[in-house]
Every structure is written in structure tokens, then in C-alpha cells.
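The analysis underlying the following values was restricted to heavy atoms, covering all of them including side chains, and did not include hydrogens, waters or symmetry mates. As the structure is a computational prediction, the values presented were derived from the model and not from experiment. Letters A, B, ... are given to chains in the order of the sequence lines, protein chains preceding strands, and every chain is numbered from 1.
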Amino acid sequence: MNPKEEKVKIITEEFDENDEDTGVGSQKKTSKMARQKRKKRLPAAGPEEMVSENPHLGNQPEPLQEDSDTRPLSMTTRRGPRSLPPIPSASRTGFAEFSMRERMREKLQAARSKAESTLLQEIPTPRPRRLQSPGEKELETEFGAEPGEEAQKTQQEDDSQSRSRVKFRDSVRKIKTKPPVPPGFPSAEEAYNFFTFNFDPEPEESEEKPKAKNRDGTTQEEEEGEEEEPPVQGIHKTDEQLLISATEAEAFLWGLDHAAADFVAVRPADYESAHVRLQMEKELLFVPSRLTVPTYKKLPENVQPRYLEDEGLYIGTRPDVPRTCQNIMENRLLTQEPGRRWFGDDGRIVALPNPIKPFPSRPPVLTQEQDFRAELETLYKKAVKYVHRSQHMIGSGDSPGNFQLDIDISGLIFTHHPCFSREHVLAAKLAQLYDQYLARHQRNKAKFLTDKLQALRNAVQTGLNPAKTHKSLDTTQKTINEYKSEIRQTRKLRDAEQEKDRMLLKTIIKVWKEMKSLREFQRFTNTPLKLVLRKEKVDQKADEEAYEAEIQAEISELLEEHMEEHEQKMEAYRAAYQQWKAWKKAQRAKKKKKKQAVEEHPEEEMGEPYPEEDLVKPVPPEPTDRALMEHQVRERAARSRRRPGEPLLVPELSLAGSVTPNEQCPRVEVLRREDVKRRSIYLKVIFNDKEVSRTDSRPLGADFRVHFGQIFNLQIFNWPESLTLQVYETVGHSGTTLLAEVFLPIPETTIVTGRAPIEEVEFSSNQHVTLDHEGVGSGMPFSFEADGSNQLILMTSGKVSNSVAWAIGENGIPLIPPLSQQNIGFRSALKRADAISSIGTSGLTDLKKLAKWAAESKLDPNDPNNAPLMQLISVATSGESYVPDFFRLEQLQQEFNFVSDEELNRSKRFRLLCLRSQEVPEFRNYKQIPAYDREIMEKVFQDYEKRLRDRNVIETKDHIDPHRAMVAKYLQQVRESVINRFLIAKHHFLLSDLIVEEEVPNISSEGSGILGLSLFKLAEQKRPLRPRRKGRKKVTAQNLSDGDIKVLVNIIRAYDIPVRKPTASKFQQPSRSSRTFSEKHAASPTTHSPTHSADYPLGQVLVRPFVEVSFQRTICHTTTAEGPNPSWNEELELPFRAPNGDYSTSSLQSVKDDVFINIFDEVLYDVLEDDRERGSGIHTRIERHWLGCVKIPFSTIYFQAKIDGTFKIDIPPVLLGYSKERSMIIERGFDSVRSLSEGSYITLFITMEPQLVPGESVREKMSDVLKKFDSQEDEKLLQATEKFQAECALKFPHRQCLTTVTDISGKTVFITRYLKPLNPPQELLEACPNNPQATAELVARYVSLIPFLPDTVSFAGICDLWSTSDQFLDLLAGDEEEHAVLLCNYFLSLGKKAWLVMGSAIPEGPTAYVLTREQSHYLIWNPCSGHFYGQFDTFCPLKSVGCLIGPDNIWFNIQRHDSPLRINFDVTKPKLWKSFFSRNLLYPGLSSVQPEELIYQRTDKAAAAELQDRIEKILKEKIMDWRPRHLTRWNRYCTSALRHFLPLLERSRGEDVEDDHRGELLKQLGDYRFSGFPLHMPYSELKPLIEAVYSTGVHNIDVPNVEFALAVYIHPYPKNVLSVWIYVASLIRNR
Amino acid sequence: MAAAGPSVFLLMVNGQVESAQFPEYDDLYCKYCFVYGQDWAPTAGLEEGISQITSKSQDVRQALVWNFPIDVTFKSTNPYGWPQIVLSVYGPDVFGNDVVRGYGAVHLPFSPGRHKRTIPMFVPESTSKLQKFTSWFMGRRPEYTDPKVVAQGEGREVTRVRSQGFVTLLFNVVTKDMRKLGYDTGPSDTQGVSGPSPPPGLPL
């Protein structure tokens, strides 16, 4: 566009130049742009030649030529237009470029032919040709001068240009030097014109002339200019051949010699400097900057950036684009598209939200290839029937039934219907008006207001009365003013009301009249409506008076009012007037001044007075005219009020009228009636958008009323959200149409059936109906007037009378969903669930937290995705809409409760599952819990419930002794609490519990640990010739079952079994079962020995012992050996059953069973009666006599893994018929060492197969955990203990070192705190006041009488708890530690030097003994048995000594040996004993945890006696039970004898009584063979006693005439320690 | 109704320990056993098994194929404690010591039909580098005290494991009376085509 316009300008300017020869400068300015230049020159090029050759046209040829040299630009521009004329003319003729070219070609053709043919110089013809063609060339030469232009040309053109340029110069020179043809030029021009533009040269001329005149280019010219351009370009660009031919022609014309040199110009290669190119590029190319665009550029001017996000609108996340890219884009957009539509209000590029999801939507592909097939498989899924559950209802648990909503639809009245006739319309209107009237009449507002007015007036009257008002004038005035304004208001209202009443009445009458006229007009009646106006007579006079009074009052009031008003107005007027006056004055002064000015500028007068007209002279208000006012009042009264004396009109609408029967009606009306009859109506009841029921279809009555009278009882599950009635109309047999929907309100919960009023709900329909009969239709205009004016459009409408109420249940309870579950409660809970699940989280219950989280995570509140969540949060945090009056932790829990809690708790199965999960002992191993409740027996729970019930009730029945029962309870409780405390710790695992891993070989440690050694091991032979013993593999106890575990008892040999005594020998020296005292004992053996040897001939069988092992009532026995030192070497295998089949570690640890190893003597009795048969048969009876037993608890076996050693056999103090053969052995000099010991011994090896991993690690772990509990010890002390223990363990890892223990409350206590002198019972001290040794023995016996109960048993193997001595005495149960501590404390109190020895013994394993220092030697006391041993006693069960504990220090044994035989007990030697408190760490004087003093109550003897009787009775019953097939006879005589004897035994503590006893017994039971023994044990429970009796096997005798004797004696010691003696015997009468 | 209702449901599983992928090891054998809850009891079949030693196949797959059959039937009253099969794979190390090459466990499939399971296997790691070395050297790698540990969640936090290899198992599962007891384990349970779902009054 631009260039063209420019050219036009140029053209026009050219003509100017022609005219005036001015404005060249301006032209230069315009021709600056390169492109424009080119185009200017295009046309200009041609004429140049012309000018130079044409003196006729150019006025001054000379300067022109100069111009061409010096300023070619200006020249061309000037000249161009001259040559132009022909072209525009051509173009104006309407020729297209094509035709132009065509013509040119023709011209060329002509020129060529002419040039070829003519020898003569035909100047006119070729010249124009030349004019044209060189024109082209010159143009190009000029281009050549402009290097910028050349770039756009082709190479060929370049050539031609260069050639032509040379030529041009030549030709110019030639022209200059010799102008040969000046005269012929005009003619040439003419000729040219003649040839080329012969069509209409004239118009062209005329065209140009106006152009010259009109400097501003017209549109026409512009068009021309546009037209001009293309042809020229076309010529120039396309016709190269033309150019060439033209040059040829020219050359020919000029007669030049065309050497090659003339055409080829040698020029340096074009070079454009980088600078130039850069500049060029700068012009051509656009490189957007990458700098940030300032925001103001991106926004319209003076617009602040607006951040929508800040304003709270939702903006999605923008896609992530690098900043620089954005900048470049912005810069580009700014430059290329100046419009800012790409930029948003915030100055950033408009961007859609990031569409990339942050997580992959495709499921991760598994690496398995073969799986894809499976995934593509089509699965058949059965259609699942939707079972409607009451889940969405309102917790059905508490409500007896469903809720019920009663909807009573009584009927329907149409206020308009398409079938309404005109009369109906009026009737409906009338009815409506009448209704209105009735309503108004009922309210009677006018009357009310009148009364009020009256009252107010009275009040004002009284208020004005000065006599009565003594109050301050102000207030009265004020109140009066208020009254007055009130009166005014009321009066207005009353007037309005009265007027309305009147109007209504009038309208009613009018409608009625219309109706009447209509009836008359149509000559039939459709409706039974009839209006009667009843007149009520009034007292004319009174009425008139009242009327007048009223008017007067009003007038006076109004007057007053007006006066006030007037007053105010006057006031205003005066002020305004003053103002006006002042202004007027000023105005006048001004005017004067203006006067002169006005004369000068008369026209200004018009505008001037304008502002001054502002103030108009105020008009004084007129005083009110009373007459006028009265007139007004009266008029108004006449309008709105009943005239005085006029009768009161009371309209009464009745249906008394008769409807014209069909026969008398016109056809259209009949048709209408028929139509109405065909119609019927029914209603659908829609509840929560679901149709629940519908009414019967009822025909539409002639009065357009439908009566349904139906009540629908909706049994609802869901909370009602909407209740809708749909009105359907059926016409004839055609389809039904939905007329309208009626929305019923959900009733309040207080509205119940019976109390609900019938309500009318209006409805209307928008259907359009036109009918071809008298019916007016619906939605269609109709008119009452004959001329069709005053049109009405009525839509179908009506009223449904209905009532909705909640039903009442049978018992009078309304069936209403509870309030809490209404709308908000329940449904919002549902919504809540959705909201939370929408963010993919479940179980979020704390909404405050949720809100916080939402705030923290910058959740966009406007993101539609988050909308429900946000709503939820806002609801939850603001609490506006719903604040529950309760607090619930699991808000959503209710959703998932499929049964109520009570029901769930009632379920036995659920209860069983719960209890099992809680690991309640009774149910811990309950297997296969039945699938149904009914299969679970009620008695499953009975034990458990009983236990729960009895927890605090002391049950004496089981325990006989109330105190023991109490203790047992207490123990049970302590146990439970401890178990609970450690329950968590039990589930705490260590690596070693789970993973078996070789320990890193420790280079420093002794034994096999060294890496080098183990390397050697690798080189070892796989099967060495002398295989070493390998440790058995240990088995964890988890995957075991009954029968997997066996207890192996290897019975090797026994020593010193008592031997039978011949019945004949009456007096024998008794042997003591246990050695009393070494000194005392030293002399005894020798004294008695001779008697024995005399009785037994050598070789006679002294005893035939065998061993019977019983465990868990399984009995195995060895073969019978002979002699008092038998060797069996037999292995017995006993199966082991864990309690409840639970083989877990904790369960195994708490197994209380003992292994009884009983030694019996097998005695053969000859039962043969007849000596004669002796030769032919053997008739003997085997009897077995119990000799003694060894009892080893299973827990010991379990923890020790194996028990290997020689044990002392527990032989009863009195063994009738047996005696020890000790003396004989000594005499023989058999074994001097062994002879030192009293009693019998048995060598055993006991183990379990497979070996079980004992729960040691659990124990250690517990103690770790325990330490963390709490300790009142000093932190430093605890650290020291740890250090001490670590040091000790490093040196002697197998020696027991104890520094801290756990007390019964779980606290860690330093061990020395347990040791403190404590007083033994006074009774014991008084027993032998002169013999300290005897006292010590007595005390030891007392301690040993306290029952032994291992901690592992009582605390299920959890930990080792140390109770203090008073606790121990209260509990009357404890293990070695408690016994040892008590004994040690007693010894300390007796003034002995005593220590606690921690070590290991047989069979207990790690245990505690007591060491005392007598004058010269040490004694080792077993606190559980009461026995004591000398340090060098080989039969001392204590096998190793770990540490000694005194009241103020701990000494760890650092001697090489730990056997008490080989160590030195002198703790003062630091090389032998490492003491805890030393010079480095001084003893801080720790206080004791023991009580100051022990208090002993004397035991109730009566209770003991009672217990004794009961035990005896129970045991007798038991023995009878054990002999189910035999008669059990009790020998009373013997029993009483035994009973007398038992106290003696107690008194003598089982010593030195046998002979007396025996003598006595023999005396009494002379002809009985007697075998029996007393059992002695501490009393804890009944069960151990029974077990002990059972294990003796006394009941096993099945000799027919056997008799039994059983006696029990209980000796009470202080603190309820009971010593129990049971004497059990069997008697066989000798024949 | 009460008389007809079953009191237990049965789960019968047969299939096989098909093969394993242990890229680094060869000559392996595997053991399997089942871990199940208290309400479960095996009624038929072997609860434990130990396979032959297999060598790697010579093809590219280098699979260790055992095709060791599993055939066991459980009965239960409660889906809690659904049986898991525990696999442990052993093989010789460079010194010829038998060491563990992997432990793994997976629940038996719930729904009847044919199921293929691939279990990643893992072994416990040594607690220290030194121990790792010595255990490698001595051929006494850390092992679980009981392979059944891998079927439990309790106490696992104290262990560290390294995964190595996969074992592929094939199960064919048949259930009986699960639907009758109210457990719907999947679409392919064809039982109860005509039978209605248990009435709501039925005890759980």
C-alpha cells in the first residue's frame, strides 16, 4: 500500500514541478525509503532518455543534464511523471497487466522487424520503442548505483544492468556531444503516442490537468496509482528477452560496435561489510530480547496489574515454562501484535491450567510378560442384586420400626381450568374476592384502627389538659407530639383500610353484576354461585353524628397540622427571603458593572444571566384555608367511608343457585360440559424424587372440584428431602398430561397425624390449551366483551388441599426420626465422608487438623476439585451450620457400624475372638472358634467369668486356709499387673530373636573364638577319627506339638539305699536321715555298726530297689537291681505335654509340673498257702515299698537343659522296716569320703529331647526393659553396677554376678539393700536359748518351711523379682533368693557373719545360698531345704560360687576355681575377691529396703487343727479314688497311733524318734505287716500334698486284706508358716 | 436351616513350586511350609515339603525348575489367619556350605481358580561388614530362627534384608462353603446360584 500511495504523491508532485518547478526538497524527503526509490525510478527511468533527447518537452535541457549527472535522484523523480502519462492512460482504459504486456510485445515485435528491415533511420517509430526499452535499462542502471537494490535482482539482470549501464553512459555522452536528432523528437513523441496511446489521449490530458490543480490526491488518482504500478513492474521483471532485444535494438540504432568487452564489465566482487550486513539484518530480522518485559508494557496504560488469585478467584497451576522462554515470547508478542490480548490482567501471558497430572494414571506395568494375557482376560461377574438396606436410615437400632409420614390428600380445586366457561371465570373471581372479603372481615382492621385512633385522641386530650399534667412540660410536649404523629399515621392507615374494604365490596358487587349480565346474556347458568347483599340498618341519627364528629376531629387535627407546617414553611421562607435579598443587592451592583460590558459584547448577554437566575424570590407560603380543607376531608370521607345513614352492606355468597340443565344449553356449552365430564384427575405422590403412590383417578366435577379424600401412609427410610404432588389430567382415553407439580413442605416434627390442619397449596400450570367449545382455554386470550376488547389471559391453576403429618405409632409415639439425625446430622455426615474421601484419605477425623493441613498445604480454596473439602472445613471450623452437642472421636464410625454395639457385644463369637486376641489365658490357645454363635457353648465363658468375678472375692474352698487364699489372690494380682506391664515388652523383638547369626569371633576371648582356630577348623577332617561331642541343636518352641518333646531320665546308680530290717530284730539303732552336725555325728557310726552286721548274713538280699519316674502322671520304671548300692544305667523316656498345647516359651516356663523320681524296694511275698504246691508252682506277690524320692521341677530342666549329678534322696525320717547299712560299708572301708554323708544318693542325668531354647533372652531383655522403668538408685551407682558387671562378665562370663535386682514393684534396686539384720520369731529363739547352733538350725528349718515357688512360675517366666522379707513372709511363697535373703538376715540378726552366695547348684541351677562363718570354718546353708553343709562337703549341692553379697558390699569371685571346695572365702583378699565398693568407690551407706523389724503373729491353732482335719479327709478320699476297683479299709487304731506319733516327729524335727516309734507301733500292731512312712513338707496348697502322697504309691497295693492308715499333723509356726506331716501306711495282717 | 448350615469352610490348594530365578546362584532346593491362624487346621495333605536340588537350565532363561507339588486342604471357621505359604531356598556357597538363598511368603489365593504368584525372595543381612565377611567365609550366613518369621509382621523391624531372586508358584484353589458362611471371595465362586444371600438375621 504504502509505496503505491507514495507514488501517487510523487506523480502529483511531478506535475507540480512541471507547473512551478518547486517542491523538489519535499520530494526528496518522501523518496527516502529504498523501496519507494525503486518504484519512483521505475517510471522515471524511461523519461530520462526522453528528456535528454527531447528538448521540446524539457524547458531547460542543460541543467537537466547536469542534474542527471550530479543528482540523479532528484532528476529521476522529477522526470518520472512525465513519462507516466501514457501508462496511466492505458491503465485507465481498463487494460490489465496482461494486455499491457501484450501490447508491449507487439511493440517490440514491430520494432524488431523495423530495425531489421529499415536501413533508413526512421526516427519516429523506433524511438518510442527505444524510449520504452532503454527506459527499462536505465532504470536498472540506476538500480546498479544503489547496491541495496541489486541484491534483489537475479544474476542475469545484473549482467544486463551492467551492460546497459556502460551503454547508458556512452549514449548519454553521445547525446551530449552530438545531438543529432533534436528536431525529430516531438514527432517521435507524437508518433509514440500515436502508436501506443491512440485510444484517448485527450482524456488523459484532461485527467492530468485536474490533478495538477488538485494537489490532494483524490481517490480516483489513488486508484490510478495502484493500477499504474503493476504493469510497470511486470514489464520490468518478466520480460528479459524484451530487455535484451531492446538493447540490441538500441545498439543497432546507435550503430555501436558490440564487442564482448562492452557487455562484460569487470568489477570487484560485491562485498558488504559486516557492519552493513548487521544493519541490514537489523532491519530485516527481529530478535526478541530475553529480558523480562516490565509489566507496564504488557498492560494498557495506567492499569495496575490485577492478580486474580489474590482476589480469591481460582487459577489453576500454570504449566512450567522457563522464564527466558516466557520473556522471549512476551517480547515477540509485544512487538508483533501490539494488541495486548495475549496478556492477562496480571501482566502474564494467558495460560490454561497445567493439564499434566502429577501422578501417572496408567497402572505400573509389572515386569512379568506373561501376565498381560491374564489382564486382558474377560471376567464374568455376576450381576449383584441391590439389596435395599436400611443403612442410610437413621440408626435403626433404637427405633422399633420405620418412620411414617401420613399424607392426606383431600381434594383439589381449580381456580382456573381450560374448560372454564366465562361464567366460571367470573365465578372463580367472585369466589376469590369473597374469600378475600371474608378474610378481611374477620380481621376487621379498619375497626381496630378506628379504635386506636380514638384512644390516641383521648390520650392527647388528657395530655393537653394542664390541670392534670404536673410533669415537666418538655416530656408532655414530647409525648403529645409523638401521639400526634401516631394519630396521623393511624388515620392514614385507617383511611386506606376503609377504602380498601369499600373497594373490595364494590368489586364484588361489580363482578356479581357482570356475572348476572353474563348469565342473562348466554341464557344459561353454569355455576350455582349466588351473591346476596344483606343490608344492616343503622341508626341514622347517631351515625350521622358520629360521622360529623369524626370529620370535625379530623379537620381540626389537619388544621393543627397545617398550622405547624405553615409555621415551618414561614420560617424557611423568611430565611430564604433574607438570602434572596442579599443576593439581589449584590446582583444589582454587578449588573451595573455589567452594563458597560454588555454594550461591548452584546452577544454575551445571552449566556450571562444564566447563573444568576438561581435564586428566585421566595414565595411566602399561603395560610391554609379551612374551608378548602374541610372540603377535602369530606371528599375523602365520602370516598372511603360509608355515608351516614347508609345501610351496612354485607355480601353473602351461596351456592344456592341452580345450574341450567344440559338440554337448555346451547351446543357449545353442552360440548364444554361433555368435555369436562371426560376429564379426570389424579395425583402422584413423589417422595425424594421417587414416585411412591398415586391417588385414584377421579373425574373432574362440573364445579371443577375433585375430591380424593385419600390418606397415604409413607413408611420412610430416608429422611424426607422433598415431597411433591404431581397433578395429572386424563382426557377421555387419550394420554395423561402433567398439569402441575405441587411442592409440599415437610412437616415439622411437632406435627403429628390428627393435629395437622388441612392446608391449601396453590399450583399453576403453564400449559396452553385452546378448546373449540365454550371453555376459555388456558394461556389463551379471551374477552368478556362482545367486541373482544379487554382481553384476559388465564393460566390453569388451582389449589390442592392436603395435610402432611408424622404418623403416631401404636404406643402413641410419633414415628419421627430423631432430631439429631435430621437433615444436617445424618446427611451431612454422609457428605463429610464424601468430602474426605475426595482427597483420597480416609480416617481423617480431626477436622481442625484437616483445616490446618489445608491451610498449610496452601490448598486452593477455589479449585473446584477441593470444593467439597473446603465446604466441609468451613463448616467444621466455623461451626456455623451444624454444631453437634456431643463429641465424637470417630465421626465416620457410624457409617460402618453394621450392627449396634450392644448386638456386637452380645455376639459370643465376637467376644471369644476378642478375648483370644487379648491373650486372656483361658482363651489364648482356643482353636477353631466356631463360625456361628449358636455353636459356642455358654460354659466356655464360665470359667473366665468366674475368675473375673472372684478376683476380689476370697475363695476359701479351694485353699482351705483363708490366709493362703488371700495370698494366692494377692499373688495372682501381682502377677497380672506384672504381666500387663511386660506385655508390650514381650512383643519387643531383638535381632537375636529373629536371626541366627554367628558372632564375630573374638580374638581376645578364650576358647573357640579365635579366628585362627576356626580357620584350622576348616582344615579339619570332615569325619575325624575321634569325633568330639557336638552341642545339640536347639529348637525354638514355636512349632512343636504334643508328643514332640520328651523328657529323658537316665538313672545311673544310687548309693546307700536303706536296707530291710528283719522283723525279728526289735531294737536297732536308728539311722539319721540327715546329718545333724558334723561334730555330733563324728562318733555315731561306729557305735551302732555291730548290731547290723549280726543280723544279716552275707549274701542275703538286703534290698531290691528300682526307680520309678513319674511325670505328668506318666510312670516309667527301671528294672530291679539288688543291694543298697544299685546300678541301673537305664534311660527312661517320658512324654511331655505343654498346658493347653501351647508350646510358646512363656507357656513352657510356667509349667509347674515336677519330675518325681521314686525309689522303691521290690519285696516278694510268698502267697502260697499250701506248702505242698511249692514244688510245682511259684506263688508270690510283689509288693513295693517306697524308700524315698527326688523331686525336680520341670522348670529347672527346662532352663538347665540338662541335669547331671548326684542327688540326695529325700527319705522320710521314719522308714519302718528299713535301716541304713551305712555302718557296714564303713567297716569295709569302702569309700571313706562318701561315708561322711548321711542319707542316700542317686546319680541322674535328665534332659529333654529335643533341646528347647530356654527363654533366657527374654529374661535378659526384660531386665533391660526393667532398668528403663524407674529406679530410685543413684545414676552413678547404676553406672558403676553396669561397669562392674561388664568387667566381671569379661573375665568370667559364666559366673553369676548380681548387683541390681528388680523389686516387686518393678523398680531396680541395688542388691545390698536387701540384706539387713532381721529378727527371727521369738518363739524360735526361746526354743534352745543355750545352743546357738540349734537355734540356727531351727531358724533354717523355719525358713525352709516357707513354700517354694519359683518366680518363673509365678510370673510366667517374665522376670526374676525380689521381694523383701516382709513381703516374702506375707506372701508365704518365694524362690531361692527370698529364702536366702531371709535366712541371711536372720543369721545376721543372730550375730553371725553371713553372706548371700550367688552361684549355681544342683539341681536348681543359678541360685542363692547362704554362707556363714563359724569360728574356724564356713558353712553353706541351703535356704530351701534348711540343710547345711561344710565347705568341704562333697555332697554339697552348691557347685559353683559366683559372688558373695553382704549387707554393705558385693564380692565377685576372681579365683581360678569356683567350686566351694576349692576356693577361699576370705573376702578381705582383693586378689581373690573383687569388691564392688572399694577405695575408688566408697560405700555410700545405702539404706535398706527391708523393714525395721518383722512382726510375727501367732498362728491360730484352731484354724491349723481344722485345716489338719480337712486335709486328712481329702487325702483319704483321694486314696479311695485312686483305688477304684478295690475296697479301701482304714485301720482306725493304727491311724490314731500314727496321729499321736506325728507331733513327736515335729518336735524332734525328724530325728531320734524311730526306735521309740517302732517299738510302740510293734506293740500295738503286733500281727500286722506294716509299711509306711511320714511325709513332711511345707504347706502351700493342697495339690502338692496330694501329688506327694500319690507319688509314694501306697495306694497301689492290691493285697485283698490290706488296710490303710493315714494321719495328718500340722504344726503351726509364727506368721502362718505351717509344717505338714502326713503319715501314710499300709497294713497287712500276718497269718 | 441351622442344621443344614456348615460350621467350617474348606480351602483346598494344590499346585506347585514351579521355578525360580536366582541369577547368581545355582543348585538350589527349596522348602515350604504353611503358616496359618488359630482357627485353621489342615485336614489333608502335606504341610511341609523339601524339594530336590535343581540346577539352572542351560538356556537364556536360566530358570531353576523344581515343579514341586503342593497339595493341602485346610478347614477353618474364620478367614482371619488365612494360610500363607512360606518358602525358603537353600543352596551351596563357594565353599560347599549349605546357606540360605532366600525367604519368601505369600498368602494362598482367596478366590477359587488358577493363580500364579511370583514371590520376591530375600535373605537377612549381616549386622556388620566384618560379620558379613566372616559369615561368608565360614559359610554360616545369618538365617531366620524360624522361616515362619517371614509370614509375620511382628519383630521384623529389627532385621535388615537383601532381596535376591524370585520364585514362581502356581496354585489351584477350591473353596467349599465359604459363601454359605457369608464370605464372598470373588466372582468365580459359582456356589449359590439360586441361593439367596444370607438373611440379615443370621449370626455373624
Side-chain angles (χ1 to χ4, degrees), chain A residues 366-368 370-371 374 379-382 384-385 387 389-390 898-899 903-904 906-910 912-913 916-917 923-936 987-1001 1011 1014-1015 1017-1018 1022 1034-1039 1253, chain B residues 2 5-9 33 35 37-41 48 75-78 80 95 116 118 124-128 130-131 133-135 137-146 148-149 152 154-160 166 168 177 180-182 186-190 193 196-197 200 202-204:
Chain A
L366 287 171
T367 46
Q368 294 170 257
Q370 65 264 45
D371 260 18
L379 293 175
Y380 167 70
K381 187 143 188 155
K382 245 193 307 184
V384 181
K385 204 178 128 195
V387 185
R389 293 262 174 93
S390 57
F898 50 94
V899 287
E903 213 169 310
L904 200 61
R906 240 183 287 135
S907 163
K908 281 185 273 185
R909 183 165 192 256
F910 179 70
L912 205 54
L913 287 169
R916 186 175 71 177
S917 156
F923 307 101
R924 198 188 297 156
N925 294 295
Y926 202 97
K927 291 201 166 142
Q928 296 252 330
I929 289 175
Y932 297 110
D933 257 5
R934 57 167 185 268
E935 291 169 10
I936 297 171
H987 288 273
H988 174 85
F989 285 83
L990 292 178
L991 180 66
S992 57
D993 298 335
L994 288 174
I995 290 178
V996 182
E997 191 176 21
E998 289 282 291
E999 278 187 26
V1000 177
L1011 191 62
S1014 52
L1015 278 177
K1017 263 188 207 160
L1018 284 175
K1022 288 277 175 206
K1034 290 182 179 178
V1035 176
T1036 42
Q1038 293 164 338
N1039 42 0
V1253 175
Chain B
S7 59
V8 292
F9 63 85
C33 57
V35 174
Q38 286 180 313
D39 294 324
W40 289 78
E48 286 183 313
K75 70 169 179 187
S76 175
T77 56
N78 191 353
Y80 177 75
F95 302 111
K116 201 161 214 175
T118 298
E125 276 277 85
S126 296
T127 41
S128 68
L130 179 61
Q131 276 187 317
F133 172 73
T134 53
S135 67
F137 197 74
M138 315 270 294
R140 304 281 304 258
R141 310 272 172 103
E143 290 182 22
Y144 281 118
T145 52
D146 183 3
K148 291 179 179 177
V149 164
Q152 306 166 354
E154 202 175 39
R156 292 275 280 277
E157 72 276 7
V158 299
T159 65
R160 291 186 305 152
F166 295 88
T168 307
D177 290 340
K180 280 187 191 154
L181 286 170
S188 22
D189 191 357
T190 50
V193 173
S197 58
L202 233 146
L204 296 164

field: Spacing of A/R909 atom CZ and B/T77 atom OG1 [to the nearest 0.5 Å]
entry: 5.5 Å
task: State which residues pass side chain to side chain contact (heavy atoms under 4.5 Å, CB included) with B/R140; sequence neighbours excluded, sorted by chain then number.
output: A/E998, B/M138
message: Is any side-chain heavy atom of A/R916 closer than 4.5 Å to one of B/D39?
response: yes
- request: Identify which part of B/Y80 has an atom lying under 4.5 Å from any heavy atom of chain A, answering side chain, backbone, both or neither.
  value: side chain
Which portion of B/S135 sits near chain A, non-hydrogen atoms under 4.5 angstrom: neither
statement: Note: B/S7 and A/A931 closest approach over all heavy atoms is O-CB, 3.4 Å
- request: Please name the pair of heavy atoms, one in B/K180 and one in A/Y932, separated by the smallest distance, quoted to 0.1 Å.
  value: O-OH, 3.6 Å
field: Neighbour count >12 (heavy atoms, 6.0 Å) for atom NZ, A/K908
entry: yes
